[in-house]
Amino acid sequence: MVSFGVDTAAADVGEIVRLVRAYLAHPDSSAPGRGFWATADSLDRRAGDLHRSVAYQGFPATVVGVMSAGPGDSVYLIKVLHATADSTRRQMMPLALQRLYAVRTPGSEYGWRLSNALPRLTRGWPSRSMGRITFHYAPGQPADPERAARAARFVDSVARLFAVPPPDHLDYFVTASPDEYYRILGLDFFPLPSGRGTAAGGNALTEAGIVLAGDPAQGEAYLHEIAHIVLGGHLGGGAMLGEGVPTWLGGSKGRSAQEMFRLLAEYQRAQPHVTLQALVRGTAGWGSQESDASYATGALFVDAVYRRGGIAGLRALAGTPSDPTPLLAAMRRHLGLPASDPEALEGWWRQAAQAAAAGR
């Protein structure tokens, strides 16, 4: 759709709208060579669309603005609203207000190609490199060389531990909050969690090799998100390992793995009806407590595998299935629990959480 404020009869606007419509019909086609995405900027060329994992979730898209981005007629700012409404059209449910750029590209199919907001909105930020990481600092964010060095060492140590190739390069953006890093990503609106403890956070754009850190208390050393980049999809195991390993290695939201184990033990006591199977299958709910319990459960499992089998045990996790039933079977196998006793895994989960919370 196109908003009433977008005049497609205006010079350049009609061509750009055609490009956006064609791209949004297949937003997974941002890889170089597909004809939609610009290649002059190194980030566009390497990563394509940085919004792939966040903005495109099936909500109807409306082009609400196509405006000149500066002097001349070679670059335009495009705003796209991803939102739906109820049957009465009285209540709107927005997901994202997306900011993209169109760059004039003579000879291309539409005469224009798309480009990311991130390099434009951070062009004046100070940056410094350490090891494989280039850190980019939002205005007002101080550099901490010790944290930067720790992060650089962490990249290589995680790659060695799991015998995976380290990334060639990471771009790490140090900001004050998730709201700030979503804005530089080009999402002028994106829903964030409500309530206490939501002022800080981080995100990893794994395919692009980008860490977005919005927690000044961690700054350059948001290790959980760095672990996501290093490990990528090498391990499998769905969210259980996908979040469990980074939590074991680097904690979660500034809380250490030990603190997460304590939260899990408290959750088990407060919600005795919730089972391990319910967490793995996603039927326990999706609140912040369930999220913490799931992250901690994954970390608890990884810790147990390491204690039982050392580095070889960790590396043997590669290829762990993601679907709940085979994942639960793999957990029993890695822990040495009998497949014939379905309650053994549940018992392990409860006992191990209480012991880990107590530091045993």
Side-chain angles (χ1 to χ4, degrees), residues 12 15-57 59 61 63-70 72 74-82 95-105 108-127 133-139 167-175 178-190 202-214 225 228-229:
D12 302 330
E15 294 174 337
I16 292 171
V17 168
R18 285 179 55 237
L19 166 67
V20 173
R21 280 176 160 167
Y23 175 67
L24 291 179
H26 301 283
D28 58 346
S29 56
S30 66
R34 299 291 181 88
F36 287 111
W37 218 255
T39 58
D41 181 89
S42 61
L43 181 60
D44 291 337
R45 186 170 59 251
R46 182 182 85 235
D49 189 355
L50 298 180
H51 298 161
R52 286 196 302 273
S53 62
V54 285
Y56 311 122
Q57 299 185 30
F59 282 50
V63 180
V64 296
V66 179
M67 299 150 280
S68 178
S74 61
V75 181
Y76 280 81
L77 165 64
I78 309 159
K79 291 206 172 184
V80 181
L81 177 65
H82 297 260
L95 172 71
L97 179 58
Q98 180 184 26
R99 175 190 294 254
L100 296 170
Y101 288 83
V103 179
R104 189 182 295 279
T105 312
S108 64
E109 181 176 357
Y110 298 94
W112 300 84
R113 287 187 176 176
L114 298 170
S115 182
N116 284 294
L118 183 64
R120 288 175 169 79
L121 299 182
T122 62
R123 190 163 286 155
W125 287 18
S127 64
I133 309 175
T134 298
F135 297 95
H136 308 268
Y137 296 89
D168 293 332
H169 182 78
L170 281 75
D171 281 297
Y172 189 117
F173 293 84
V174 183
T175 71
D179 189 54
E180 184 172 25
Y181 69 60
Y182 275 124
R183 282 201 304 273
I184 63 167
L185 191 62
L187 296 172
D188 294 332
F189 167 78
F190 190 75
N203 203 344
L205 305 181
T206 305
E207 293 181 5
I210 291 174
V211 172
L212 302 167
E225 301 302 339
H228 276 299
I229 300 290

Could you walk me through whether H82 and Q57 pass the side chain to side chain donor-acceptor pair (under 3.5 Å) check? CA-CA 9 Å; H82 297 260; Q57 299 185 30; over 6 Å; no
Quick one, L81 with K79, criterion side-chain contact (heavy atoms from CB on, under 4.5 Å). Give me CA distance, side-chain angles, the key distance, then yes/no. CA-CA 7 Å; L81 177 65; K79 291 206 172 184; over 6 Å; no
Looking at residues at least two apart in the chain, or sitting in another chain, which of them share a salt bridge (Lys or Arg N to Asp or Glu O under 4.0 Å) with E207? R52
Stepwise side-chain contact (heavy atoms from CB on, under 4.5 Å) check, E180 with F173: CA-CA 10 Å; E180 184 172 25; F173 293 84; over 6 Å; no
Under the criterion side-chain contact (heavy atoms from CB on, under 4.5 Å), I'd like the reasoning laid out for R104 against W112: C-alpha separation, chi angles, the key distance, then a yes or no. CA-CA 4 Å; R104 189 182 295 279; W112 300 84; 3.5 Å; yes
Which is it for Y182 and L212 under the side-chain contact (heavy atoms from CB on, under 4.5 Å) test, yes or no, and what are the steps along the way? CA-CA 8 Å; Y182 275 124; L212 302 167; 5.7 Å; no
Hey, could you give me the CD/CG distance between Q98 and L185, rounded to the nearest 0.5 Å? 9.5 Å
Nearest-0.5 Å distance that lies between atom CG in D188 and atom CG in L97: 5.0 Å
Nearest heavy-atom pair of S53 and L205: which atoms, and what distance? OG-CD2, 4.2 Å
Partners passing salt bridge (Lys or Arg N to Asp or Glu O under 4.0 Å) against D179 (at least two apart in sequence or in another chain): R183
Quick check: does any side chain N or O of R45 sit under 3.5 Å from a backbone N or O of T39, one acting as donor and the other as acceptor? yes
Heavy-atom closest pair, residues L100 and D49: CD2-OD1, 4.5 Å
Could you tell me if D12 and Y76 have a donor-acceptor pair between their side chains, going purely by distance under 3.5 Å? yes
Tell me if a side-chain donor or acceptor on H228 pairs with a main-chain N or O of V211 at a distance below 3.5 Å. no
Is it true that a side-chain atom of T105 and a backbone atom of G111 form a donor plus acceptor pair closer than 3.5 Å? no
Can you give me the closest heavy-atom contact between G186 and H51, atom names plus distance? O-CE1, 3.6 Å
Is the closest basic N to carboxylate O distance between R46 and D168 below 4.0 Å? no
Looking only at heavy atoms, which two atoms of A55 and L95 are closest? And how far apart? O-CD2, 3.4 Å
Ignoring hydrogens, what is the shortest heavy-atom contact between V64 and V80? Give both atom names and the distance. CG2-N, 4.4 Å
Residues 117-125, side-chain donor-acceptor partners within the protein, below 3.5 Å, at least two apart:
{"residue": "R120", "atom": "NH1", "partner": "S115", "partner atom": "OG", "Å": "2.7"}
{"residue": "R120", "atom": "NH1", "partner": "N116", "partner atom": "O", "Å": "3.2"}
{"residue": "T122", "atom": "OG1", "partner": "L118", "partner atom": "O", "Å": "2.8"}

Nearest heavy-atom approach of S127 to Y137 is CA-CD1, 4.5 Å
